[in-house]
K.L.:
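Below is the structure I would like to discuss, written out as structure tokens.
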2 protein chains.
Amino acid sequence: MTRPLNLEEVGRRAGVSRSTVSRVVNGGPNVSSETKRRVEAVIAETGYRPHAAARSLASNSTGVIGLVIPSAVATLFDDPYFGRLILGISSATNDVSMTLALFLFGAGPDESSIISRVVTPGLVDGVIVTATTRGDPLIDHMQGTSMPFVVVGRPDNAGSTFCVDVDNRAGARTAALHLAGLGRRRPALIAAPSNTTAGVDRRNGFLEGLAEAGLSVESRVAEGDWSQESGRDAMARLLADRPDAVFVASDRMAVGALRAIREAGLHCPGDISVVSFDGIVPPDLTSPRLTSVVQPVTEVGERAVRLLTAVIAGASTPEHVVFPTELAVRESCGATPTAEPGA
Amino acid sequence: MTRPLNLEEVGRRAGVSRSTVSRVVNGGPNVSSETKRRVEAVIAETGYRPHAAARSLASNSTGVIGLVIPSAVATLFDDPYFGRLILGISSATNDVSMTLALFLFGAGPDESSIISRVVTPGLVDGVIVTATTRGDPLIDHMQGTSMPFVVVGRPDNAGSTFCVDVDNRAGARTAALHLAGLGRRRPALIAAPSNTTAGVDRRNGFLEGLAEAGLSVESRVAEGDWSQESGRDAMARLLADRPDAVFVASDRMAVGALRAIREAGLHCPGDISVVSFDGIVPPDLTSPRLTSVVQPVTEVGERAVRLLTAVIAGASTPEHVVFPTELAVRESCGATPTAEPGA
DNA sequence: TTTATGCTTGGGAGCGCTCCCAAGGAGGGT
DNA sequence: ACCCTCCTTGGGAGCGCTCCCAAGCATAAA
């Protein structure tokens with residue numbers, strides 16, 4: 001009969017006690033080098049690995065962080081945004097030797113069951129919540145628990161939470177000033193959903209920038225739902241108003257907008273300048289290549305993990321990290337000589 | 001002083017014992033309805049949730065399954081494949097009330113550390129491994145452990161493992177027959193990396209189909225690395241040989257190929273028919289819309305979870321699930337009247 | 001009435017670990 | 001030679017749960 005491979009057994013084989021093995025495993029101090037050597041030999045030989053659940057129970061810490069993405073799951077990964085975010089978060093969790101648990105869900109009944117699963121004690125040490133919609137009940141729910149969490153994005157009730165966001169407002173403002181600087185006089189806006197804080201911030205930032213330049217969108221505003229189709233539809237509608245520039249609140253919608261422009265027999269950037277937000281669609285995918293306000297998604301993810309570990313460690317004064325964006329000027333705005341490689 | 005909220009405490013408040021509360025929580029039998037009511041009232045009122053780690057330790061099962069994606073992480077989510085797969089797996093995981101842990105890693109030193117983390121006892125009940133490359137050491141490693149696992153894809157040493165795959169070979173063969181049926185006589189192939197089983201299967205299936213139709217690619221073969229750029233480069237090279245059709249082993253590479261065709265001043269499908277594999281790029285993204293061999297990625301993910309739960313439950317005779325593919329005929333092959341909407 | 005049967009309930013043991021404290025031994029100071 | 005300190009080691013207690021068994025009790029059968 002083979003006995004279970006646990007601390008006690010490793011200790012037995014190395015001729016020491018459970019406690020000593022534990023100290024070796026955890027790199028603890030006060031272990032003679034000779035003992036350490038012997039124990040490590042046994043560990044290497046047996047392939048012993050500490051039991052995660054037992055460790056969690058005893059130490060009251062699991063080494064797991066949860067990532068909660070509440071969203072219309074179907075379209076989730078058509079947008080590279082979440083993929084990049086997961087990448088950043090995953091890489092940062094690996095760096096700190098933690099494990100990432102993923103909680104994805106759409107609307108409906110599974111929502112509440114998943115939310116309650118997230119806050120199960122002994123499952124995760126903390127949670128990163130992606131907040132996309134305004135007045136998200138998830139945030140309120142999390143605040144009612146003792147589970148450490150940080151928000152990616154800007155919840156509208158951000159006051160008392162830790163969050164990591166990009167400066168959507170300033171980025172959009174930059175886009176407005178850029179278009180104005182190119183001499184465009186009839187700007188249009190394809191906004192993101194106004195029930196998201198990112199959508200609101202980008203809209204306001206753009207309008208603010210226009211105002212500074214003495215411009216206005218007047219009635220040249222349409223709202224999309226992040227999807228490419230909605231961008232195409234919105235652009236098609238806006239074209240009736242003969243804009244000479246458009247700011248599209250996301251890359252994906254901008255791809256649709258470019259298509260609508262082409263379909264209307266117009267030329268970008270000749271007839272109309274396009275600037276979008278995200279900087280997440282591979283530039284070569286579109287023609288002309290998109291000028292876009294780039295947000296550092298991966299860095300946001302990494303920072304969220306670092307912030308969360310701080311919260312888990314006991315940080316208590318809410319911290320709001322805001323990353324700057326950067327305007328990547330390519331051909332679609334008309335600022336550079338239109339040297340579309342090929343096409 | 002507030003005492004910890006555990007089974008004992010809930011029992012104390014309801015006037016019953018730990019064991020009885022446990023039975024109620026787990027829907028066990030042999031509990032009088034009156035007792036059950038009282039206990040449930042206390043649970044609702046206190047918001048008690050069982051401690052996951054304690055439960056895992058005692059029951060020797062964690063309720064977590066791991067998803068291991070070893071890949072060049074940087075490009076991971078540019079391809080919608082993994083996103084879809086995660087979606088399917090996540091959804092199936094939710095259905096069975098389990099939690100999904102994600103292990104992403106690229107090459108390098110983190111590889112071994114993550115692999116060993118995956119097999120930590122008490123962390124996950126089982127693992128889904130995505131096998132992309134041939135002779136993947138990860139599979140061998142997993143076989144050396146007692147951790148239940150299933151493979152998504154076809155490992156080259158599949159004999160003794162559980163795996164879920166799509167019929168890459170048959171799908172590619174269908175593509176060949178389709179192109180032959182359209183009267184094309186100079187087919188070309190842009191293959192996926194030959195160090196992946198999917199790449200090999202798609203290549204062989206295509207060549208097999210051509211042979212059946214009495215055709216051959218001769219020297220019109222190039223190999224890409226799944227990326228769009230590689231598809232573009234491969235196509236550009238192949239065009240010198242004046243093919244009248246091309247099978248591209250993935251949608252992403254096909255997007256690049258379409259671009260190369262355009263850049264060469266040629267027309268698809270007029271001058272050259274294109275059929276790709278995956279069915280994962282939104283059709284409207286390309287012009288013309290891609291004819292593609294569609295693989296049911298989401299179903300694969302769901303099935304992998306179901307299979308894994310079976311393995312965890314003790315299934316022991318290796319099972320190989322192979323999903324059929326389906327050819328989605330759109331404009332790029334030239335089979336339908338080229339009614340490109342717009343463009 | 002007595003014995004058997006089943007349902008309900010409580011409590012002990014144990015999962016594998018961490019944390020803490022006490023015991024033993026080596027070494028340095030006086 | 002002695003004491004005190006520091007390093008090293010072992011073992012008890014306990015984390016919150018599940019599993020199992022025995023005890024209590026009501027009801028049915030003899």
Side-chain angles (χ1 to χ4, degrees), chain A residues 1-40 42-43 46-64 117 119-125 146, chain B residues 1-40 42-43 46-64 117 119-125 146:
Chain A
M1 94 135 232
T2 165
R3 39 185 125 197
L5 185 58
N6 52 28
L7 276 188
E8 202 80 48
E9 169 66 10
V10 171
R12 206 185 55 79
R13 300 200 192 192
V16 297
S17 77
R18 179 169 43 96
S19 302
T20 300
V21 179
S22 174
R23 273 185 287 262
V24 172
V25 167
N26 296 304
N30 300 342
V31 181
S32 77
S33 54
E34 162 57 14
T35 305
K36 186 173 169 192
R37 206 193 44 69
R38 257 200 349 264
V39 171
E40 280 172 344
V42 173
I43 290 178
T46 57
Y48 167 79
R49 305 225 75 217
H51 191 283
R55 182 176 263 188
S56 300
L57 179 59
S59 68
N60 197 30
S61 121
T62 64
V64 178
R117 184 131 45 86
V119 298
T120 299
L123 181 59
V124 298
D125 288 339
S146 57
Chain B
M1 97 131 230
T2 164
R3 42 184 124 198
L5 186 58
N6 51 28
L7 276 188
E8 202 79 48
E9 171 65 10
V10 171
R12 207 185 54 77
R13 298 202 193 191
V16 296
S17 77
R18 180 170 42 93
S19 302
T20 301
V21 179
S22 173
R23 274 185 287 262
V24 172
V25 168
N26 296 304
N30 301 341
V31 181
S32 77
S33 53
E34 162 57 15
T35 304
K36 185 173 170 192
R37 206 192 45 69
R38 259 199 348 266
V39 171
E40 282 172 342
V42 173
I43 291 177
T46 56
Y48 167 78
R49 305 225 75 216
H51 192 284
R55 182 176 264 189
S56 300
L57 179 58
S59 67
N60 197 29
S61 121
T62 64
V64 178
R117 183 133 45 86
V119 299
T120 299
L123 181 60
V124 298
D125 289 338
S146 57

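Lettering of chains follows the sequences in order, A, B, ..., and the numbering in each one begins at 1. Keep in mind the model is a prediction, meaning the values are calculated, not measured.
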K.L.:
Tell me, please, the opening and closing nucleotides of DNA chain D, 5' to 3', among those with an atom under 4.0 angstrom from a non-hydrogen atom of chain B.
P.N.:
dG16(D) to dC19(D)

K.L.:
Taking any heavy-atom pair under 4.0 Å as a contact, classify Asn30(A): base, sugar-phosphate, or nothing.
P.N.:
base

K.L.:
Ignoring hydrogens, what is the shortest heavy-atom contact between Ala14(B) and Val42(B)? Give both atom names and the distance.
P.N.:
CB-CG2, 3.7 Å

K.L.:
Can you list, in residue-number order, the parts of residues 8-19 of chain B that come under 4.0 Å of DNA chain D, counting heavy atoms only?
P.N.:
Arg18(B), Ser19(B)

K.L.:
What is the nucleic acid contact for Ser56(B), judged by heavy atoms within less than 4.0 Å: base, sugar-phosphate only, or nothing?
P.N.:
nothing

K.L.:
To the closest 0.5 Å, what do you measure between CZ (Arg55(A)) and CG (Leu7(A))?
P.N.:
8.5 Å

K.L.:
Calculate, to the nearest 0.5 Å, the distance between atoms CD1 and CZ belonging to Ile43(B) and Arg49(B) respectively.
P.N.:
10.0 Å

K.L.:
Would you compute the distance between atom CZ of Arg13(B) and atom CZ of Arg3(B) and round it to the nearest 0.5 angstrom?
P.N.:
8.0 Å

K.L.:
Give the minimum heavy-atom separation between Ala53(B) and Ser56(A), together with the two atoms involved.
P.N.:
CB-CB, 3.5 Å

K.L.:
OP1 or OP2 of dT9(C) less than 4.0 angstrom from a side-chain nitrogen or oxygen of Ser32(B), does that happen here?
P.N.:
yes

K.L.:
Got a second to check how far Asn6(B)'s CG is from Arg12(B)'s CZ, nearest 0.5 Å?
P.N.:
10.0 Å

K.L.:
For the helix from dT1(C)-dA30(D) to dT30(C)-dA1(D), measure the angle between the helix axis at one end and the axis at the other, each built from five pairs, rounding to 10°.
P.N.:
50°

K.L.:
Rounded to the nearest 0.5 Å, what's the gap from CG on Leu57(B) to NE2 on His51(A)? Could you check?
P.N.:
6.0 Å

K.L.:
Distance alone, cut at 3.5 Å: any donor-acceptor contact between the side chains of Ser32(B) and Thr35(B)?
P.N.:
yes

K.L.:
Search all heavy atoms of Leu123(A) against all heavy atoms of Arg117(A) and return the closest pair with its distance.
P.N.:
CD2-O, 3.4 Å

K.L.:
Could you pick out which residue, Thr35(A) or Ala53(B), lies toward the 5' side of DNA chain D when each is mapped onto its nearest nucleotide?
P.N.:
Thr35(A)

K.L.:
Just checking Pro29(B): base, sugar-phosphate only, or nothing, at a heavy-atom cut-off of under 4.0 Å?
P.N.:
nothing

K.L.:
Do you know the tightest heavy-atom contact between Thr120(B) and Ala52(A)?
P.N.:
CG2-CB, 3.9 Å

K.L.:
On DNA chain C, nearest-nucleotide positions of Asn6(A) versus Arg23(B): which is more 5'?
P.N.:
Arg23(B)

K.L.:
Roughly how far, to the nearest 0.5 Å, is the CD atom of Glu40(B) from the CZ atom of Arg37(B)?
P.N.:
9.5 Å

K.L.:
Which part of the nucleic acid does Asn60(A) contact within heavy-atom distance under 4.0 Å: base, sugar-phosphate only, or nothing?
P.N.:
nothing

